[in-house]
2 protein chains.
Amino acid sequence: MSKCEQCIVREFSSLKALTKDELLKLSDCKTSYTLKKGAVIFEEGENVNGIYCIKDGVCKLTKLSANGKDHIVKLVTKGELLGQRSMISDEPVNLSAVALNDMQVCFIPKAEVMGYFDKNNNFSMNVMKTMCGDLKEADVQTVNLAQKTVKERLAATLLYLYQSFGENDDKSLKIQLSREELASMIGTATESCIRLLSDFNKQELIALDGKKIILKDISSLKKIAN
Amino acid sequence: MSKCEQCIVREFSSLKALTKDELLKLSDCKTSYTLKKGAVIFEEGENVNGIYCIKDGVCKLTKLSANGKDHIVKLVTKGELLGQRSMISDEPVNLSAVALNDMQVCFIPKAEVMGYFDKNNNFSMNVMKTMCGDLKEADVQTVNLAQKTVKERLAATLLYLYQSFGENDDKSLKIQLSREELASMIGTATESCIRLLSDFNKQELIALDGKKIILKDISSLKKIAN
DNA sequence: ACCAAAATATGATATTTATCATGCGAAAGC
DNA sequence: GCTTTCGCATGATAAATATCATATTTTGGT
């Protein structure tokens, strides 16, 4: 079993507030998992009795809408924690989490984490700060959905994927989403998303190579995205 | 100066976790304000050195979008706290708060509130739970904006106003928003909003009397809203 | 009470976006 | 290896929504 004390990822999450003692205890009670692309970490409505710390990989958080379509609310990557909200509010999770590529995650049982809230104020403050950041992001997301066109949102999302997850050696986006997933992130029909990608391709803002997407003209994309 | 200990509103907010001693101290350091409809409590980008506790009235939280239009992110009413996020993350507020009707609010300076975080774990937990609820709501909001039509969103918003703020003696919605504000809540053009209200009126789902809106057929509205 | 300005309303039209239909190519299952 | 399915692509069309123009009504100020 790997030691949390030496886990680099810890430094990026609220867990960085933990003391040496707490980390040692954490190492003993955590469970590590390796997940394949497509694996479901948890599903909307489930009870998750603890939190997941993402050591490597990326997953999507989705929510089922009234019309039966999944909407991708957020992408979450290494260093971030999953399931805090459900644990704090003592409710079933309201989002599903699915691996977008191979992942390594550690599960920390609820009892352990709740102890930190009681005894370690820094930890509580870190969690609160994270949630404040999430809320701010959510507001931005809301306004973008309400006010921007699909084209603007697509450009913004491509830039977000580029800036947050980087590119491969061949310059293509590291995070590979299907057209359907991309559409579900920006909130549009799959065909509309495909059509706009084709347009961007024709205007040489991006290049398409099968599933791969290469951003060719970042500054123009930024202008479109606002 | 009124005593926080006797303020009913306190029971609805995270402040309910405070001890008698803390409440007494709070009474001394808070400042009470009476605000007229339209008054600006704070504006996006400002530094707010504390939190506001709403004793009475309703305000809108808005965010300026890239195209220069205000979007109403949320309505906040008595019992709720304003400006927590900004205080916790130590950043300027990212939303503006404007009174929708006459309000009574109390301002509590940052130093006082930060003390509660340190010493009163129940308070921290309450704040966290509130933020978890806000995040959940934000997810729902995001999915609605992404997947529902303007008509569905209008119906849902009317129902929300009805359920959250109630009706006057003449059955009209207690919260009176201008068409522009309503449009800015559901994320559409003012004209589109007006047109759909007219449609609802013709279908006898609602009745319009100047600015007043009366919900006549709640169950049909619910069907439309999903 | 009167006027100017703002809010509401509605028509005409343009634009954006979704939906339906179809084809094509690659990947997955037998 | 073959077929079947799935993801991507594109055209045609319909529906939703925004925009511009212009009345009409309401509101606020003096």
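- Every pair passing ring-ring contact (aromatic ring centres under 6.0 Å, His included) that includes a residue from residues 85-110 of chain B is listed here, sequence neighbours excluded: B/Tyr52-B/Phe107.
- Of all the residues in residues 187-196 of chain B, B/Thr188, B/Ala189, B/Glu191, B/Ser192, B/Arg195 reach under 4.0 Å from DNA chain D with at least one non-hydrogen atom.
- Looking at B/Ser27, its side chain does come within 3.5 Å of a backbone N or O of B/Cys4 through a donor-acceptor pair.
- Within residues 148-156 of chain B, the residues having any heavy atom closer than 4.0 Å to DNA chain D are, in order of number, B/Thr149, B/Val150.
- Scanning all heavy atoms of the two residues, the minimum distance from A/Glu181 to A/Leu177 falls at OE1-CA, 3.5 Å.
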Donor-acceptor list for residues 155-167 of chain B side chains, cut-off 3.5 Å, not counting sequence neighbours:
unit_1	atom_1	unit_2	atom_2	d
B/Thr157	OG1	B/Arg153	O	2.8
B/Ser164	OG	B/Tyr160	O	2.9

Would you be so kind as to tabulate the donor-acceptor pairs closer than 3.5 Å made by side chains of residues 82-102 of chain A, with sequence neighbours excluded?
unit_1	atom_1	unit_2	atom_2	d
A/Arg85	NH2	A/Asn94	OD1	3.4
A/Arg85	NH2	B/Asp139	OD2	2.5
A/Ser86	OG	A/Glu91	O	2.6
A/Ser89	OG	A/Arg85	O	2.8
A/Asp90	OD1	A/Lys110	NZ	2.8
A/Glu91	OE1	B/Lys136	NZ	2.9
A/Ser96	OG	A/Glu44	N	2.9
A/Asn101	OD1	A/Val58	N	2.9
A/Asp102	OD1	A/Lys37	N	3.0

Pairs under 3.5 angstrom, nitrogen or oxygen only, protein versus nucleotides 23-29 of chain C, please.
none

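- Counting heavy-atom neighbours within 6.0 Å of A/Glu180 CD, excluding the residue itself, gives a total of 12 or less.
- At whole-Å resolution of the value, CD in A/Gln147 and C1' in C/dT16 are 16 Å apart.
- For the segment residues 198-218 of chain A, the set of residues with a heavy atom within less than 4.0 Å of an atom of DNA chain D comprises A/Ser198, A/Lys211, in numerical order.
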For residues 197-209 of chain A, which side-chain donor-acceptor pairs fall under 3.5 Å, sequence neighbours excluded?
unit_1	atom_1	unit_2	atom_2	d
A/Ser198	OG	A/Ile194	O	3.2

- Query: Can you list the steps and then say if A/Asp56 with A/Val9 is a side chain to side chain contact (heavy atoms under 4.5 Å, CB included)?
  - Reply: CA-CA 8 Å; A/Asp56 200 24; A/Val9 158; over 6 Å; no
Side chains of residues 218-226 of chain B: which donor-acceptor pairs under 3.5 Å do they make with residues two or more places apart or in other chains?
unit_1	atom_1	unit_2	atom_2	d
B/Ser219	OG	B/Asp217	OD1	3.4
B/Ser220	OG	B/Asp217	OD1	3.2
B/Ser220	OG	B/Asp217	OD2	2.7

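- Rounded to 10°, the angle separating the first-five-pair axis and the last-five-pair axis of the helix from C/dA1-D/dT30 to C/dC30-D/dG1 equals 60°.
- Scored by the side chain to side chain donor-acceptor pair (under 3.5 Å) test, A/Lys171 finds no partners at all (sequence neighbours excluded).
- With a cutoff of under 4.0 Å to any heavy atom of chain A, the contacted region of DNA chain D is bounded 5' to 3' by D/dG7 to D/dA12.
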